[in-house]
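In what follows, a single structure is set out as structure tokens and then discussed.
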Amino acid sequence: MSEKDQTVTAVDNALDANAGKEGALLPILHHIQDAIGYVPEDGIERIGKSLGLSRAEVHGVISFYHHFRTSPPGKKVIQVCRSEACKSMGGDAVAEALKTKLGIDFHQTSSDGEYSLEAVYCLGHCACAPALMVNDVPLARVTASRVDEVIAMGEI
Ligand code: FES
């Protein structure tokens, strides 16, 4: 199935699964992103029409929640906890080291399509701060000085 067909199918499935439900926009967006990793720009108008919303209204919700992206993610999605327990244990330095190493900021994907860097607010691993999640695999007690090592080890 082509990428275009996949995106159309993901939008169709999300609209079907949430047809007639109150407050369906967020569940639809989650459904699509869970299926293909992002909410395609060319599906936004169709989503809006099905809910009686304008394209701008749907876009507004997508851009409000950093969780949603409108382009395909990198092969490895690195979620960096930005909440207090992780920040107090050096999370800011880890985030800066990752940005420098990967050459991208939060909510960006590297030009080679390998990495996306996401800021999240508590991964539920506060006792192991600073915590990261790479493609849903948690990494504990990551220090700025370990970022090169962790990448070299293939953990990221
Ligand atoms: S504060 Fe970072 S995992 Fe909870």
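Atoms within a ligand are numbered from 1 in the order they appear, just like the ligands themselves. All values below were derived from every heavy atom in this structure, side-chain atoms included, with hydrogens, water molecules and symmetry-related copies excluded.
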Practice problem: For Lys21, check salt bridge (charged side-chain N to carboxylate O under 4.0 Å, His left out) against everything at least two apart and list the hits. | Solution: none

Quiz item: If you link I, L, V, M, F, W and Y whenever their side-chain heavy atoms are under 4.5 Å apart, who else ends up in the same group as Val61?
Solution: Val11, Leu15, Leu25, Leu26, Ile28, Leu29, Ile32, Ile36, Tyr38, Val39, Ile44, Ile47, Leu51, Leu53, Val58, Ile62, Phe64, Tyr65, Phe68

Exercise. Check atom 2 (Fe) of ligand 1 and write out every protein N, O or S atom at under 2.8 Å, as residue and atom.
Key: Cys81 SG, Cys86 SG

Quiz item: So, do Tyr115 and Ile78 sit near enough that their side-chain heavy atoms are less than 4.5 Å apart?
Solution: yes

Quiz prompt | Candidates Gln79, Arg69, Arg82 - the one meeting side chain to side chain donor-acceptor pair (under 3.5 Å) with Glu118 | solution = Arg69

Practice problem: Rounded to the nearest 0.5 Å, what's the gap from CD on Glu114 to NZ on Lys75? Could you check? | Solution: 4.0 Å

Quiz item: With sequence neighbours left out, what residues match Tyr121 under ring-ring contact (aromatic ring centres under 6.0 Å, His included)?
Solution: none

